[in-house]
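Hydrogens, waters and symmetry mates are skipped; everything else that's a heavy atom, side chains included, is used. So that the names make sense, note that chain A is the first sequence line, chain B the second, and so on, each numbered from 1.
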Protein chains: 2
Amino acid sequence: MAECASTTASAASVRRPVGRDGILDVAARLFREQGYGPVTLRKIAEAAGIKAGSIYYHFGSKDEIVVAILDAGIRAVHEKMRQAVLGHPDDSVAAAILRAAIRAHLRALLDVSDYSSANVRIFGQVPQSVRDANLPTRRAYEAEWDNLLTRLQRDGALRRNVDIRRLRLMLIGALNATLEWFDPERGSVEALASTYADVFLNGMLEQREV
Amino acid sequence: MAECASTTASAASVRRPVGRDGILDVAARLFREQGYGPVTLRKIAEAAGIKAGSIYYHFGSKDEIVVAILDAGIRAVHEKMRQAVLGHPDDSVAAAILRAAIRAHLRALLDVSDYSSANVRIFGQVPQSVRDANLPTRRAYEAEWDNLLTRLQRDGALRRNVDIRRLRLMLIGALNATLEWFDPERGSVEALASTYADVFLNGMLEQREV
DNA sequence: GTCTATATGGGGATAGAC
DNA sequence: GTCTATCCCCATATAGAC
């Protein structure tokens, strides 16, 4: 969000205003790394190079920070996924479109955005009021997937006996779960995305014919 | 774990010792419902009908309770899955064995055990020391799946180009993610298990021939 | 915009009576 | 085996100086 990474120097570094975006950047990284509970305003302030009380100049409460991060996280992955799908004409092969969407979601989560990964990591841990505030943004992303899946099913590319809502929950849930165990040293995001597409599109059983 | 459900009466109910197992039962339910952070010893004690200080007669710390619940949760789902697989001879159709294993895992998570669901819900939220204590039990369950998948792949039932460890992480991660959204009013666990098996075994694309 | 100082509340944990 | 009472720490949040 801010134009440069914050200095993580513990103290006595160059004193330069971090501002609202700087605080959000640092907080998103900490939430992604540590989850919701362990990240206190004191830790955020220290990582940003300011004092805890100063945060209240920019935000009214801790929850306000969290909501801002959750919203930005969804918007980031939504945008990536939308662009990936737009890159294909409507009459493209269904498998290619789905592969692109899966790849975009995983890249946003594992490669690109601390905000998106923080969202997945902490959404289940934040107070109900915070979840509620994030809901409209989430719904918009879910609708994007539902539109895509509905269109592909109508075109005959997807099995007709699966409920679209359930399929979307399965797919997004499976992709988000990678955050718990993905290790770039064991393989690239690209390879992971390819495997997910293989399994979700064609299954894990040996195909009898092609 | 205890032989009967605890009375949830807020006060002045029949005073009967709840004991170690009673505390664990109540705590597991609260952790499943609320996650790790919001569940305090005071809340556990109140739900169990005792006072917070009394918990320390049975446990040395809050973490000791959490570790006991995490371990019991894995053991419960492990046992269910193992029994489900044992119900099939080694030369059964691979798809049938996998379906049974998937069904057993989902049932343990969504139907049977507060301990298993609490495990999935809070594992990512607990301190590292608690996770470490739970690791051996987890590894044993993971090995059970790896053994099954390796055997099926050796028999030619699974595609050869997928890494077993990665496949297991994909599968378990996807199944565990259902805890976030599964609603029994929208469909049974059995139906959900069937859909998961369909998609993971054969994929979501319309099959060209059978 | 950031600081220092502090109010206020709730958490885990302990000691000793019953 | 459970109670009451309490210690100690750390969280969010506020007030006012600079």
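- Shown are B:N147, B:D90, B:L148; of these, the side chain to side chain contact (heavy atoms under 4.5 Å, CB included) with B:V85 is made only by B:L148.
- Between A:K51 atom NZ and C:dG1 atom C1' the separation is 15 Å, expressed in whole Å.
- Regarding B:I55, its CD1 atom lies at a distance of 15 Å from the P atom of D:dG1, rounded to whole Å.
- OP1 or OP2 of C:dC3 has at least one side-chain nitrogen or oxygen of A:S54 nearer than 4.0 Å.
- Judged by distance alone, with hydrogens and angles left aside, the side-chain atoms of B:S117 form a donor-acceptor pair with the main-chain N or O of B:S113 at under 3.5 Å.
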In the 5'-to-3' direction, what one-character label does each nucleotide of nucleotides 13-18 of chain C receive under the scheme B = base within less than 4.0 Å of a protein heavy atom, S = sugar-phosphate only, - = no such atom?
BB----
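- To the nearest 0.5 Å, atoms CD1 (B:I23) and OH (B:Y57) are separated by 11.0 Å.
- Using a 4.0 Å cut-off between charged nitrogen and carboxylate oxygen, B:D114 and B:R29 do not count as a salt-bridge pair.
- With rounding to the nearest 0.5 angstrom, the NE2 atom of B:H78 is 7.0 Å from the CE atom of B:M81.
- For B:I44 and C:dG11, the CD1 to P distance is 11 Å, given to the nearest whole Å.
- Atom OH in B:Y57 sits roughly 18 Å away from atom C1' in D:dT4 (whole-Å rounding).
- Taking atom CD on B:E46 and atom P on D:dT2, their separation rounds to 16 Å, with Å as the unit.
- Atom CD in B:E79 sits 13.5 Å away from atom CD1 in B:I74 (nearest 0.5 Å).
- Annotation: cation-pi pair A:K62/A:Y36 present, NZ/CZ under 6.0 Å from the ring centroid and within 45° of its normal.
- A heavy-atom distance below 4.0 Å to DNA chain D is reached by none of the residues of residues 121-132 of chain A.
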All N/O donor-acceptor pairs, side-chain side in residues 166-180 of chain A, below 3.5 Å, sequence neighbours left out:
residue, atom, partner, partner atom, Å
A:R168, NE, A:D146, OD1, 3.0
A:R168, NH2, A:D146, OD2, 3.0
A:N176, OD1, A:H105, NE2, 2.8
A:T178, OG1, A:L175, O, 2.6

